[in-house]
Engineer: 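Structure in structure tokens, see below.
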Amino acid sequence: MKPSLPKGTRDFLPHEVRRRNYIFDTIRTYFHRYGYQPIETPVMENLSTLTGKYGEEGDRLLFKVLNNGDFLSKAKEQDLAAKDSTAVLSQISKRGLRYDLTVPFARYVVMHQNDLAFPFKRYAIAPVWRADRPQKGRYNEFYQCDADVVGSDSLLYEAELTQLLDEVFTKLGLGVVIRLNHRGILAGLAELAGHADRLGDITVAVDKLDKIGMEGVERELLDRGIDATAVATIKQFLHTDDLEEVAPLLANSAVGQRGVTELREVLSSVGPLVNRVVFDVTLARGLDYYTGCIFEVTVDPELHPAIRMGSIAGGGRYADLMGIFGGRDLPGVGISFGAERIYDVLEELEGFPEDASQSLEYLVVCLDEESLRHGFDLVGDMRKAGRNTDLYPSAAKLGKMMKYADQRAAPKVIIIGSREAQSGEYSVKTMRSGEQETVARASLVRPVSATE
RNA sequence: GUGGUUGUAGCUCAGUUGGUUAGAGCGCUGGAUUGUGAUUCCAGAGGUCGCCGGUUCAAACCCGGUCUUCCACCCCA
């Protein structure tokens with residue numbers, strides 16, 4: 001048979017894994033620096049934990065795991081006969097793959113609330129699965145890098161997460177725009193339009209502004225059954241990216257005012273940042289559970305005009321995520337880095353550092369059997385000394401071995417023939433420059449910590 | 001989930017109105033060069049034309065189905 005992969009999944013070559021790890025390591029470093037602790041949860045959750053948490057659309061995108069055993073015999077005959085997928089599903093599948101890291105985290109907090117110190121700050125870097133139709137930058141299996149804090153409603157955490165976003169992207173060499181909005185502002189907007197109950201429809205439409213333009217948003221709102229006067233009210237908000245211009249419009253809305261006040265506080269406490277932080281009233285974000293500030297990060301089009309990519313990180317505050325699992329009502333706020341998309345962007349910008357794709361320092365090649373034995377000993381000693389070293393395992397033609405060294409991207413090649421084996425003075429070739437020098441064995445096996 | 005698109009050598013792609021043995025560049029293997037890679041020259045290997053079925057004397061090419069890729073929706077990192 002011909003091997004293949006499931007749709008929307010990928011293999012990674014060694015250099016790709018190294019580059020992905022560079023991103024993960026960078027993010028992890030700052031998670032640690034900001035006091036977030038690692039936790040792990042299973043890739044499978046009970047379906048009851050996952051369903052109903054992401055809206056109707058999310059349920060459709062959940063990967064379900066078929067029960068083991070003779071599962072069909074346990075399903076109801078009439079549901080099977082009626083081909084009622086929804087009814088049959090609960091009878092043949094009790095588990096599913098996690099769709100994100102936030103809902104499993106909420107489950108985790110509720111189950112372990114007596115073992116955790118609040119505010120509890122955790123991070124997780126792990127794969128999640130969505131049965132979406134794949135596109136570029138959109139996979140059925142992908143990694144998320146989440147940092148959340150639960151058990152505090154302090155707005156300092158919003159400010160802290162903004163700083164964290166800024167630092168990580170600065171370290172990665174990416175110029176970004178960090179967009180902020182507040183669910184309260186969107187709720188206030190809906191309230192003023194006289195459609196407080198239609199917040200979902202309004203935010204979905206407003207969110208598309210930069211994609212379909214003002215007229216498109218207007219049409220979308222009308223299509224969704226929002227009346228013309230309300231649409232006019234909503235449009236007032238969309239002409240500015242200045243929080244202080246929006247504030248007076250919300251004077252008569254309590255939730256709106258709260259949103260403005262909180263955003264003001266966050267913006268005033270973040271301090272100086274490398275990247276731009278902007279207020280964006282059109283920022284909605286899909287997930288239903290957000291209740292306060294919401295974040296989204298995009299590549300700065302002024303600094304990287306060639307890049308076309310959606311959001312590369314996002315997050316927000318949620319007031320009652322634990323409540324759905326019957327836990328104490330703990331507020332939380334978190335962010336998530338889209339590592340796959342960051343990878344694609346860095347690839348396109350050639351933004352990976354040289355050493356991110358190479359860990360091997362030396363390759364030892366030997367010209368005859370006797371030298372090979374000598375080389376094997378040398379490699380062992382060099383490894384003990386802390387140098388990443390590898391050996392070509394047979395005495396082959398030098399040209400062939402040099403080619404292998406080139407493919408392995410070995411920075412330096414140590415060549416051992418009978419001359420070198422006898423004297424302990426090796427020819428060491430620096431591949432990049434092509435220069436060759438003689439190096440004594442002693443300096444190669446000296447522990448790295450002693451020389452540096 | 002809806003509509004469209006793509007698939008030919010390891011990779012990127014040609015392939016005429018359906019017509020004998022399906023090509024190129026790069027890569028790969030060997031040699032020129034038995035102690036020097038990435039650069040030169042020569043030679044060679046490598047293909048169920050995504051898969052299944054249909055039309056036809058004849059299918060990489062036409063038709064149906066299916067899988068996959070990418071795109072626009074929906075939604076989203």
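What you see below is based on every heavy atom in this structure, not just the backbone, and it leaves out hydrogens, waters and symmetry mates. Protein chains get the first letters and strands the later ones, always in sequence-line order, with residue 1 at the start of each.
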Engineer: Under 4.0 Å, heavy atoms only, any strand: does A/Ser336 hit a base, just the sugar-phosphate, or nothing?
Structural biologist: nothing
Engineer: What does B/rA72 pair with, Watson-Crick or G-U, if both distances are under 3.5 Å?
Structural biologist: B/rU2
Engineer: Remember a base hit wins even if backbone is also touched, and classify A/Gln407 as base, sugar-phosphate or nothing at under 4.0 Å, heavy atoms.
Structural biologist: sugar-phosphate
Engineer: Under 5.5 Å between ring centres and under 30° between planes: does that hold for A/Phe142 against the base of B/rA77?
Structural biologist: yes
Engineer: Donor-acceptor check, side chain of A/His304 to backbone of A/Gly175, threshold 3.5 angstrom: yes or no?
Structural biologist: yes
Engineer: Could you work out the separation of B/rC67 and B/rU5 based on their C1' atoms and round it to a whole Å?
Structural biologist: 15 Å
Engineer: Would you say the side-chain atoms of A/Lys121 pair up with the backbone N or O of A/Tyr34, donor to acceptor, closer than 3.5 Å?
Structural biologist: yes
Engineer: Scan residues 162-185 of chain A for pairs that pass ring pair (Phe, Tyr, Trp, His ring centres under 6.0 Å), counting only residues two or more places apart or in two chains.
Structural biologist: A/Phe169-A/Phe337
Engineer: Is the side chain of A/Ser93 donor-acceptor paired with the backbone N or O of A/Leu89 at a distance under 3.5 Å, no angle test?
Structural biologist: no
Engineer: Measuring from the side chain of A/Arg138 (C-beta onward, heavy atoms only), which nucleotide among B/rG37, B/rC75, B/rU69 has the closest atom?
Structural biologist: B/rC75
Engineer: Strictly under 3.5 Å: I want the nitrogen or oxygen pairs between protein and nucleotides 41-43 of chain B, one per line.
Structural biologist:
none

Engineer: Let me know the distance between CG of A/Asp223 and P of B/rC74, rounded to the nearest Å.
Structural biologist: 11 Å
Engineer: Quick test: give all pairs of protein nitrogen or oxygen and nucleotides 1-10 of chain B nitrogen or oxygen below 3.5 Å, distance rounded to 0.1 Å.
Structural biologist:
from, atom 1, to, atom 2, distance (Å)
B/rG1, N7, A/Arg60, NH2, 3.4
B/rU2, O4, A/Arg133, NE, 3.3
B/rU2, O4, A/Arg133, NH1, 3.0
B/rG3, O6, A/Arg133, NH1, 3.1

Engineer: Output a table of nitrogen or oxygen pairs between the protein and nucleotides 44-46 of chain B separated by less than 3.5 Å.
Structural biologist:
none

Engineer: Give A/Gly58 one of three labels, base, sugar-phosphate or nothing, depending on what nucleic acid heavy atoms sit under 4.0 Å from its own.
Structural biologist: nothing
Engineer: Name the pairing partner of B/rU36, where a pair is Watson-Crick or G-U wobble with both distances under 3.5 Å, or state none.
Structural biologist: none
Engineer: Other residues, nucleotides and ligands only: do more than 12 of their heavy atoms fall within 6.0 Å of CG on A/Asp223?
Structural biologist: yes
Engineer: Strictly below 4.0 Å, heavy-atom distances to any atom of RNA chain B: list the hits from residues 30-46 of chain A, or just say none.
Structural biologist: none
Engineer: Write down the distance between OH (A/Tyr392) and P (B/rG35), rounded to a whole number of angstrom.
Structural biologist: 15 Å
Engineer: I need the CD1-P distance between A/Ile335 and B/rA77, as an integer number of Å.
Structural biologist: 13 Å
Engineer: Which of these nucleotides, B/rC28, B/rC75, B/rG35, is closest to any side-chain atom of A/Lys403?
Structural biologist: B/rC28
Engineer: Taking everything shown except A/Glu347 itself, do over 12 heavy atoms lie less than 6.0 Å from its CD?
Structural biologist: yes
Engineer: Given the structure, check if the side chain of A/Gln135 and the base of B/rU69 hold any donor-acceptor pair shorter than 3.5 Å.
Structural biologist: no
Engineer: Can you check the distance between B/rG3 and B/rU66, where both ends of the measurement are the P atom (answer in whole Å)?
Structural biologist: 12 Å
Engineer: Applying the Watson-Crick and G-U wobble criteria at under 3.5 Å, what pairs with B/rA24? Answer none if nothing qualifies.
Structural biologist: B/rU12
Engineer: Between the main-chain N or O of A/Val270 and the side-chain N or O of A/Gln163, is there a donor-acceptor pair closer than 3.5 Å?
Structural biologist: yes
Engineer: Remember a base hit wins even if backbone is also touched, and classify A/Phe337 as base, sugar-phosphate or nothing at under 4.0 Å, heavy atoms.
Structural biologist: nothing
Engineer: Can you tell me, in whole Å, how much space there is between the C1' of B/rG18 and that of B/rA58?
Structural biologist: 8 Å
Engineer: Are A/Phe325 and A/Val103 packed together at the side-chain level, in the sense that at least one heavy-atom pair is separated by less than 4.5 angstrom?
Structural biologist: yes
Engineer: What's A/Gly8 touching, base or sugar-phosphate or nothing? Going by heavy atoms closer than 4.0 Å.
Structural biologist: sugar-phosphate
Engineer: Closer than 4.0 Å, any side-chain N/O of A/Lys429 to the OP1 or OP2 of B/rU36?
Structural biologist: no
Engineer: Using heavy atoms to find the nearest nucleotide of RNA chain B for A/Lys400 and A/Ala313 separately, return the residue whose nucleotide is more 5′.
Structural biologist: A/Lys400
Engineer: Do the side-chain N or O atoms of A/Lys397 get closer than 4.0 angstrom to the phosphate oxygens (OP1, OP2) of B/rG31?
Structural biologist: yes
Engineer: Taking CZ from A/Arg219 and P from B/rC73, how many angstroms apart are they, rounded to a whole number?
Structural biologist: 13 Å
Engineer: Grab the CG-P distance between A/Leu398 and B/rG37 for me, whole Å please.
Structural biologist: 7 Å
Engineer: Could you check whether any side-chain heavy atom of A/Ser427 comes within less than 4.5 Å of a side-chain heavy atom of A/Glu420, counting everything from C-beta outward?
Structural biologist: yes
Engineer: Can you measure A/Leu62 atom CG to B/rC75 atom C1' for me and round it to whole angstrom units?
Structural biologist: 13 Å
Engineer: Choosing from B/rA77, B/rA38, B/rC75, which nucleotide comes nearest the side chain of A/Arg130?
Structural biologist: B/rA77
Engineer: Indicate yes or no for a side-chain donor-acceptor contact from A/Asn181 to the backbone of A/Leu283 under 3.5 Å, with no hydrogens or angles considered.
Structural biologist: yes
Engineer: With a 4.5 Å cut-off on side-chain heavy atoms, are A/Val176 and A/Thr298 touching?
Structural biologist: no
Engineer: Would you measure the distance from the C1' atom in B/rU69 across to the matching atom in B/rC41 and give it in whole Å?
Structural biologist: 39 Å
Engineer: Less than 4.5 Å apart, any side-chain heavy atom of A/Glu340 and any of A/Arg10?
Structural biologist: yes
Engineer: Please give the nucleotide sitting opposite B/rC62 as a Watson-Crick or G-U wobble pair, both distances under 3.5 Å, or none.
Structural biologist: B/rG54
Engineer: Any side-chain heavy atom of A/His195 within less than 4.5 Å of one from A/Asp227?
Structural biologist: yes
Engineer: Counting distance only, does the side-chain N/O of A/Lys208 pair as donor-acceptor with the main-chain N or O of A/Val204 below 3.5 Å?
Structural biologist: no
Engineer: Name the nucleic acid region contacted by A/Ile342, choosing base, sugar-phosphate or nothing; use a 4.0 angstrom heavy-atom cut-off, strictly under.
Structural biologist: nothing
Engineer: A/Tyr108: what forms a ring-ring contact (aromatic ring centres under 6.0 Å, His included) with it, not counting sequence neighbours?
Structural biologist: A/His112
Engineer: Do A/Asn140 and A/Trp129 have side-chain heavy atoms sitting under 4.5 Å apart?
Structural biologist: no
Engineer: Once the angle between the rings of A/Tyr404 and A/Tyr392 is folded into 0 to 90°, is it parallel (under 30°), tilted (30 to 60°) or perpendicular (over 60°)?
Structural biologist: perpendicular
Engineer: C1' atom, B/rC49 versus B/rC13: distance in rounded Å?
Structural biologist: 14 Å
Engineer: Would you kindly give the CD-to-P distance between A/Gln436 and B/rG35, to the nearest whole Å?
Structural biologist: 14 Å
Engineer: I need the NZ-P distance between A/Lys211 and B/rC75, as an integer number of Å.
Structural biologist: 10 Å
Engineer: As a test of reading the structure: which of B/rC75, B/rU36, B/rU69 is closest to the side chain of A/Met402, going by heavy atoms?
Structural biologist: B/rU36
Engineer: Considering just the side-chain nitrogens and oxygens of A/Lys208, establish if one lies under 4.0 Å of OP1 or OP2 belonging to B/rC74.
Structural biologist: yes
Engineer: Need to verify one output field. Residue with the more 5' nearest nucleotide on RNA chain B, A/Asn140 or A/Met401?
Structural biologist: A/Met401
Engineer: Quick one: sort the A/Phe352 and A/Tyr22 rings into parallel, tilted or perpendicular, breaks at 30° and 60°.
Structural biologist: perpendicular
Engineer: Look at the side chain of A/Glu420 and the base of B/rG35, then say whether one donor and one acceptor between them are separated by less than 3.5 Å.
Structural biologist: yes
Engineer: With C1' as the reference atom in both, quote the distance from B/rU29 to B/rU21 in angstrom, rounded to an integer.
Structural biologist: 24 Å
Engineer: Expressed in whole Å, how much space separates the P atoms belonging to B/rA60 and B/rA22?
Structural biologist: 10 Å
